[in-house]
Amino acid sequence: MRRRFPVWEWAVIGLCTVFFAAPMLAMARFALQKVPVALLGRETLFSRWTFSGFTNTLADESFLPALWLSTRLGILTVAAVLVLMVPTVVWLNLTANNWRPVVEVASTLPYIVPPIALVVGVSALFRDVAPWMVTTDYGMIPLYSMLCLPFTFRTLDAGARATDMRTLTDAGRNLGAGPVVILMKVIIPGMRTSITAAAFLGFAVVMGEYAIASLLLRRTLPAYMVEAQGREPQGSMAVALALLVLTSLIFILLNRSDRTSGRRDTIGLPA
Amino acid sequence: MTTLEYGHVTRRFGNVVALDDFSLTVPGGKLVTLLGPSGCGKTTALRIAAGFDIPDGGRLVMGGHVVSHVPPRRRNAGMVFQEYSLFPHMTVAENVGFGLRIRKVSPATRSRQVSEMLELVQIGHLAGRYPHQLSGGQQQRVALARALVFEPSVLLLDEPLSALDAQVRTEVRDVIRGLQFRLGTTTLFVTHDQEEAISVSDLVCVMKDGRPHQVDTPENVYMRPATEFVARFVGETIEVPTPRGRCLVRPENLVLVAPEEARAMPGVTFVGHATSVRFNGSTCTVTVAVPVEDIVLNVKVLPHQATLTRVHDEVGVVATSLTYAL
């Protein structure tokens, strides 16, 4: 039987595309056209496109230090989160399934606790015990790690559940491997896709986090961009757009590399 | 060759007794099957042999050494799992070579042994593939190669054929039996499929409620069951009245004869009417209702014999041998 044209499915896809694409197109026009906002219309669609806002921002001496700080914080946060969460997820899936509700609730804390409460709480608590938490850039890593938990925990857990971890572990033990070898050679490679996705999500969270950086007076990339918006709104928007495109490209590349690496997908990413 | 012995092993899960004073000896080089319904404790017995479970009481002896508390990685037991359990990120060759790599076998020797083993299970041409690129039967052959390549003292098979379709199941079953016979590895095979158990084993241990009901050769288990449970669980049986009380008889031990012949013959005979004739492929089943005894007999006959019988015909049935006296 011939299937009728799926009108509703395409209507939903079309609506979603417009919902996401329209603001980005508007963003691109604002950032890359040297036309006053009031005149941005159909008749000016092709006039005065330029990268000058973008290049001006790149040339700003404060931009690269802010980008570098955010990148460092992103890498270190991802490392901290993976070191903490991969063994936790393995432990939950292998032996401590009854602890899952506790970890799930803990991982949603960043949704419940607002950044201001987090920063004030941490400052009050650690000012005397561990002053570096408040005074250095790296003090933000534990806070950012917390912020990443909802995304990283769920992604890693989905990956762990998709692999039959219990039987694979039994197979590894039976073949003579100890716990460390099983973790490093059997479990972690089996969860590679979900670990990569979790790392990417964690990095994206750090690269976009503004509230905590602003409250702690750190000049990360988002903090710089908010500040630059007053001086060079188009340049700031162009950088935001570039980051968005870069993020999307990385996401697509990750998916493609997983699809072509000759193995089954282990998390919910479409492959 | 390594002997595996369970000595009065007990294992409880809460109030459930999975193994109850379970004793069994798997002689060196033999293939012994644990056969029983779901929940009879056969998988628990296998997991204890592998070291994944520790008995609450009793002991497990492998090659003369008590190994009840020895961790799995130190037991040198190869295991094939029901769900294949191949490492998805490794190729076939890497999967098979994993146990050798753990044992620090040099790459050259490892490569040679892996190739030899893959040839033995007839999948040498698939060495570079990933598990998800293989069929179920091929995956199970890889699992078998992986379990045997490091020359384990004992091979443990946990329902390795249950996820396969009928034709592939027979092929893999023959590969398992052929390899076990050739390598002489002491093997414990768990299954709930009686036909599988009877066709591959040197000895069959029929289990129920965590205890062995009979440990014997497949022929004896089938033809001379020790208990009513074994008689009813292994193969088909029909309960019939005899001059010495009720007995269980196998359908293939019932023979169709002319009614007069049945009336004239001594022994266990019946006269009734054919109620259906069913074609099963290589055999036919003639169902005979015997009103005097109030029983229904399913008699297996060859197709050409079945053509002589029509529904409502009066027929005689003779039991050539009785399987178990109740």
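Residue numbering restarts at 1 for every chain, and letters A, B, ... go by the order of the sequence lines.
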Query - Beyond-backbone contact of B:F87 with A:L175, side-chain heavy atoms, under 4.5 angstrom - result: yes
Report task. Sort B:L86 into side chain, backbone, both or neither according to what part of it lies under 4.5 angstrom from a heavy atom of chain A. Result -> backbone
Requested in this report: Assess whether atom CH2 of A:W91 is packed by more than 12 heavy atoms of other residues, nucleotides or ligands within 6.0 Å.
Outcome: yes
Query raised in the report: For A:G190 and B:H89, which heavy atoms make the closest approach, and how far apart are they?
Result: N-ND1, 3.8 Å
Query raised in the report: How about A:E104: does its CD atom have over 12 heavy atoms from other parts shown lying under 6.0 Å from it?
Result: yes
Report task. Let me know if B:R129 has heavy atoms under 4.5 Å from chain A in its side chain, its backbone, both or neither. Result -> neither
**Report entry** Least distance between heavy atoms, A:R173 atom then B:P72 atom
**Finding:** NH2-CG, 3.5 Å
Report task. Would you indicate whether B:R103, at its atom CZ, is surrounded by more than 12 heavy atoms from other residues, nucleotides or ligands within a distance under 6.0 Å? Result -> yes
Query - Minimum heavy-atom distance A:N174-B:F150, with the two atoms named - result: O-CZ, 4.3 Å
Query raised in the report: For the residue pair A:A171 and B:S85, what are the closest heavy atoms and their distance?
Result: CB-O, 3.9 Å
**Report entry** Closest contact, heavy atoms only, B:I102 versus A:G176
**Finding:** CG2-O, 3.1 Å
Report task. Kindly compute the distance separating CD (B:E94) from NZ (A:K185), expressed to the nearest 0.5 Å. Result -> 10.5 Å
Query - Greater than 12 external heavy atoms within 6.0 Å of A:R218's CZ - result: yes
Query raised in the report: Is it the side chain or the backbone of A:V181 that comes within 4.5 Å of chain B heavy atoms, both, or neither?
Result: side chain
Report task. Name the region of B:R74, side chain, backbone, both or neither, that has any atom closer than 4.5 Å to a heavy atom of chain A. Result -> neither
Requested in this report: Name the option with the most non-hydrogen atom pairs under 4.5 Å to chain A; the candidates are B:P152, B:G78, B:A143, B:A50.
Outcome: B:G78
Requested in this report: Taking the side chain as every heavy atom from C-beta outward, state whether B:Q82 and A:T167 have any pair of such atoms under 4.5 Å apart.
Outcome: no
Query raised in the report: Can you say whether B:R75 sits under 4.5 Å from chain A via the side chain, the backbone, both, or neither, judging by heavy atoms?
Result: neither
Query raised in the report: In terms of heavy-atom contacts, does CZ of B:F13 have more than 12 from other residues, nucleotides or ligands at under 6.0 Å?
Result: yes
